[in-house]
Amino acid sequence: MAPVRRYWLMKSEPDVFSIDDLESQGRTSWDGVRNYQARNFMRDEMQVGDLVLFYHSNAKPPGVAGLARVCTRAHPDVSAQDPRSEYHDPKASPDNPIWMMVDVAFVAKFPAFVSLDRLKQEQILADMLVLRRGMRLSVQPVERDHFERVVELGNK
DNA sequence: GCCAACGTTGGC
DNA sequence: GCCAACGTTGGC
């Protein structure tokens with residue numbers, strides 16, 4: 001039975017890590033997620049091969065900058081155990097890492113950046129999670145129809 | 001810089 | 001378990 005591919009949106013502040021950074025590095029461990037719901041998506045539902053909308057948050061303008069692919073299952077985010085890391089969590093330990101991450105690989109930078117304003121103009125995307133008021137989740141599922149439409153917009 | 005929305009913490 | 005206080009997110 002072929003696995004059902006899922007689609008995701010992951011937020012990154014481009015001042016910290018942008019789609020260009022991912023392109024030059026090829027792949028990265030998605031460290032620093034410190035929200036349980038976001039962690040649970042990575043830990044419980046992400047599969048190798050899932051595709052990801054790479055979203056630039058806290059940016060001018062905010063929006064979807066490109067595509068990435070999940071290339072590992074979830075594994076411990078060891079930055080939580082590093083006292084010198086800005087992502088340090090004193091409750092995390094080798095026996096109880098608490099926080100998890102996946103690795104993602106660069107797939108493409110969109111020829112046309114899909115701004116948040118542009119997303120809001122699309123009727124078909126009206127109930128996309130990222131457009132919901134107060135939606136702060138940095139890792140969120142995306143419906144296939146929504147994913148495909150965003151990719152169309154990005155490739156225009 | 002503002003601030004609404006949300007998640008977490010901790011006293012009770 | 002409640003909830004006020006606090007910290008963070010993230011668009012504007």
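By convention in this document, chain letters (A, B, ...) are assigned in the order of the sequence lines, proteins followed by strands, and residues within each chain are numbered from 1. Keep in mind that what you see is a predicted model, and the values were worked out from it rather than measured.
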When you compare the protein's N or O atoms with those of nucleotides 8-12 of chain C, which come within less than 3.5 Å of each other, and at what distance?
unit_1: C:dT8; atom_1: O2; unit_2: A:R136; atom_2: NH1; d: 2.6
unit_1: C:dG10; atom_1: OP1; unit_2: A:K11; atom_2: NZ; d: 2.8
unit_1: C:dG10; atom_1: OP1; unit_2: A:R136; atom_2: O; d: 2.6
unit_1: C:dG11; atom_1: OP1; unit_2: A:Y55; atom_2: OH; d: 2.7
unit_1: C:dG11; atom_1: OP2; unit_2: A:N58; atom_2: N; d: 3.0
unit_1: C:dC12; atom_1: OP1; unit_2: A:K120; atom_2: NZ; d: 2.5

query = Under 4.5 Å between any side-chain heavy atoms of A:F147 and A:R149, yes or no?
reply = no
Close side-chain approach of A:R6 to A:P141, heavy-atom, < 4.5 Å = no
inquiry  = Whole angstroms only, please: what is the CG-C1' distance between A:L129 and B:dC6?
reply    = 15 Å
request  = Measure from the ring center of A:W8 to the ring center of A:Y55 and say whether it is less than 6.0 Å.
outcome  = no
Which atom pairs, one a donor and one an acceptor, fall under 3.5 Å between side chains of residues 61-73 of chain A and the rest of the protein, sequence neighbours left out?
unit_1: A:T72; atom_1: OG1; unit_2: A:D103; atom_2: N; d: 2.9
unit_1: A:R73; atom_1: NE; unit_2: A:M46; atom_2: O; d: 3.4

request  = Kindly assign one of parallel, tilted or perpendicular to the pair A:H56 and A:F113, based on the angle between their ring planes and the thresholds 30° and 60°.
outcome  = tilted
